[in-house]
Amino acid sequence: MAQGRKLPVSLAELRIDTVLRCGQSFRWRQLDDEWFTHRHCVLKGRLVSLKQDTSHLYYNVTWPSKPPTTSSKSQSTVKTEPCRDEDDVRLLQSYFALSHSLSAMYELWTASDTNFAKRAPAFAGIRILNQDAWETLVSFICSSNNNISRISQMVHKLCLHYGPYISTVQGELFHDFPTPEALTGPKVESHLRELGFGYRAKYIAETARIITEERPLGWLDSLRNPECPALGAIKQEESDEKTATSPTYAAAQEALLGLSGVGPKVADCVCLMGLGWAEAVPVDTHVWQIAQRDYNFGKGAKTKTMNKATYDAVGLHFRKIWGPQAGWAQSVLFTANLKSFAAQASAAKLAVKEEVAKVEEGLVKVEEGLVKVEDEVIKVEDEDKAIRAVSVARAAKRKVKLEDSAVPKLEGGGETTLVRRSKRKKASG
DNA sequence: CAGGGACCTCGTCT
DNA sequence: AAGACGAGGTCCC
């Protein structure tokens, strides 16, 4: 692959080596040429190839050799390179939701949640992808009682058998994700069973049928968060005098529950990653585990099994702690909790310990197992506090203006064991 | 109406 | 080595 073009992105905002493997998207494949590792995926009819260094995202886009619109003879000349590049940049900014400032969110969550402050340093740059809603829906129908590896295989089979061919890289075939129409038909369920989908075959076939036959065109995208429009979305505010009520997260989740194989968890995954509802918190076994282990959820013996009421209570609980972007915070802790990232977690934890031991002149000092942040001294054994203190100190060092941040302040649901920046002299309040 | 079981398949663990 | 267990749950009774 050629060098391609590049987009300035810091590792604090995005780390594709983590984000593309943490169970949000299941179609990215890593291929190594003699120069570098690239990750490839078909998005919106074109093959997107990516690599990243500390300052940039390098991208290359390959369209099918035979364009979808064969009738247009002036196809190749109409689109000049700058136009096409603008289009590609828009795609990447949309897919990675780059308009959201992840570092600002991390700072808020670090300041308000000790557990987040503890885990986050090892898992920077984890953000929620803004994916196609239909793909997200089908992918997470596949996810029930399943693991990331097999979900990826299943999604790949869907593309291979039902999606349009786009390109080949190093002998690997790349197809786009199939449309609902392509997955509608009498033979789909039995075929998917043969392909090893198990009981999910029925759910996929049934949901595809409902979408194509029982819902109006564009129904799924009509559930989107208006503040987070899809890539090629038609602006609906101009269409009519707001005849349709503005969609809400609750309404979107409710609507999705009417599909086959879609319970509250899958619905929330689609809301969060496919429809732009950042407050959606998908509660799976991992998040349930995190809620109990790290957030003392269900302290009484009242909640032994997961039912809808408990499910909703967990989401509410996390929204209280993390605020309106709770789903984004959840993805960080979810990833940190994945077994496949255990090595990264422990390695980074070591690195953080070394970081704590390192002297950051002025704000943080280490003396004989003690971390000194301004006037407050913390024992290094108190890992949570020490790591948190360093985070807070760095934030202060960067002169981050939390008060002026566009992200709304969190409600005071979390523990208020904030590291007091004691005796910090505020000039004029 | 809540709650326990069944459900496909496939690694891993014992 | 055969059987249990769990993997980003949902449906059904």
Side-chain angles (χ1 to χ4, degrees), chain A residues 18-28 119 123 126-129 131 135-158 188-210 253-274 277 280-294 297-298 301-315 318 326-343 345:
Chain A
T18 309
V19 170
L20 301 181
R21 295 192 304 123
C22 69
Q24 290 191 57
S25 62
F26 303 94
R27 288 199 293 135
W28 288 90
R119 315 276 179 192
F123 291 89
I126 299 176
R127 55 171 51 245
I128 294 296
L129 298 173
Q131 302 184 79
E135 174 182 348
T136 310
L137 173 59
V138 176
S139 297
F140 282 95
I141 287 176
C142 292
S143 76
S144 73
N145 262 341
N146 212 341
N147 56 67
I148 293 177
S149 169
R150 189 156 85 106
I151 298 166
S152 302
Q153 292 175 45
M154 288 162 69
V155 171
H156 184 232
K157 282 179 185 172
L158 278 180
V188 172
E189 180 184 343
S190 57
H191 183 216
L192 291 182
R193 277 201 175 260
E194 286 170 21
L195 290 174
F197 281 66
Y199 60 82
R200 304 164 198 85
K202 184 176 160 189
Y203 296 156
I204 293 170
E206 180 68 359
T207 286
R209 190 193 62 75
I210 293 173
Q253 194 206 35
E254 185 66 24
L256 291 168
L257 291 176
L259 301 169
S260 179
V262 180
K265 190 270 176 181
V266 171
D268 273 340
C269 286
V270 178
C271 282
L272 178 63
M273 303 169 214
W277 296 107
V281 179
V283 181
D284 52 41
T285 55
H286 292 250
V287 173
W288 177 231
Q289 195 180 48
I290 290 167
Q292 294 175 104
R293 170 176 28 95
D294 300 335
F297 190 89
K302 54 174 181 176
T303 52
K304 55 179 191 291
T305 57
M306 173 66 70
N307 53 35
K308 185 67 161 71
T310 308
Y311 183 98
D312 290 339
V314 173
F318 281 133
W328 285 56
Q330 169 271 345
S331 75
V332 178
L333 297 187
F334 171 82
T335 304
N337 205 53
L338 280 179
K339 273 190 294 184
S340 49
F341 287 97

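Only this structure's heavy atoms are used, side chains among them; waters, hydrogens and symmetry mates stay out. Throughout, a chain's letter reflects where its sequence line sits, starting with A, and its residues are numbered from 1.
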Heavy atoms only, 4.0 Å cut-off, all strands: where does [X] land among base, sugar-phosphate and nothing?
X: A/C22; answer: base
X: A/V287; answer: nothing
X: A/V283; answer: nothing
X: A/Q24; answer: base
X: A/L259; answer: sugar-phosphate

For this session: Measure distances between side-chain N and O atoms of A/K265 and base N and O atoms of C/dG8, and say whether any donor-acceptor pair falls under 3.5 Å.
Result: yes
For this session: Mind running side chain to side chain contact (heavy atoms under 4.5 Å, CB included) on A/F318 and A/Q330 for me, showing each step along the way?
Result: CA-CA 8 Å; A/F318 281 133; A/Q330 169 271 345; 6.0 Å; no
Considering non-hydrogen atoms only, spot the tightest contact between [X] and [Y] and give its length.
X: A/I128; Y: A/S331; result: CD1-CB, 3.5 Å
X: A/V314; Y: A/A291; result: CG1-CB, 4.2 Å
X: A/F26; Y: A/V155; result: CB-CG2, 4.1 Å
X: A/C142; Y: A/I204; result: SG-CD1, 3.7 Å
X: A/R193; Y: A/A201; result: CG-CB, 3.6 Å

Problem set entry | Student check: side-chain heavy atoms of A/V138 and A/L158 closer than 4.5 Å | yes
Whole angstroms only, please: what is the [atom1]-[atom2] distance between [X] and [N]?
X: A/M306; N: C/dG6; atom1: CE; atom2: P; value: 16 Å
X: A/K308; N: C/dG9; atom1: NZ; atom2: C1'; value: 14 Å
X: A/L257; N: C/dC12; atom1: CG; atom2: P; value: 14 Å
X: A/M154; N: C/dG9; atom1: CE; atom2: P; value: 13 Å
X: A/E189; N: B/dC7; atom1: CD; atom2: P; value: 15 Å
X: A/F334; N: C/dG8; atom1: CZ; atom2: C1'; value: 4 Å
X: A/I128; N: C/dG8; atom1: CD1; atom2: C1'; value: 12 Å
X: A/I141; N: C/dA7; atom1: CD1; atom2: C1'; value: 18 Å

Exercise. Do other residues, nucleotides or ligands put more than 12 heavy atoms under 6.0 Å from the NZ atom of A/K157?
Worked result: yes
For this session: List the steps, then state whether side-chain hydrogen bond (donor to acceptor under 3.5 Å, both in side chains) holds for A/N307 with A/T310.
Result: CA-CA 5 Å; A/N307 53 35; A/T310 308; 2.7 Å; yes
Exercise. Tell me, what's DNA chain B's dot-bracket, Watson-Crick or G-U with both distances under 3.5 Å, | for other-strand, [ ] crossing?
Worked result: ..|||||.||||||
Distance between [atom1] atoms of [N] and [M] (Å, rounded):
N: B/dG3; M: C/dG8; atom1: C1'; answer: 22 Å
N: C/dG9; M: B/dC1; atom1: P; answer: 27 Å
N: C/dC13; M: B/dC8; atom1: P; answer: 14 Å

For this session: Can you run down the salt bridge (Lys or Arg N to Asp or Glu O under 4.0 Å) pairs that involve residues 258-269 of chain A, sequence neighbours left out, and say none if there aren't any?
Result: none
Exercise. What is the per-nucleotide protein-contact pattern of nucleotides 8-14 of chain B, from the 5' end, where B denotes a base atom under 4.0 Å from a protein heavy atom, S denotes such proximity for sugar-phosphate atoms only, and - denotes neither?
Worked result: BBS----
Exercise. Quick one: is A/S260 getting a side-chain N or O under 4.0 Å of the C/dT10 phosphate, OP1 or OP2?
Worked result: no
Exercise. If you pin A/G261 and A/Q289 to their nearest nucleotides in DNA chain C, which one's is more 5'?
Worked result: A/Q289
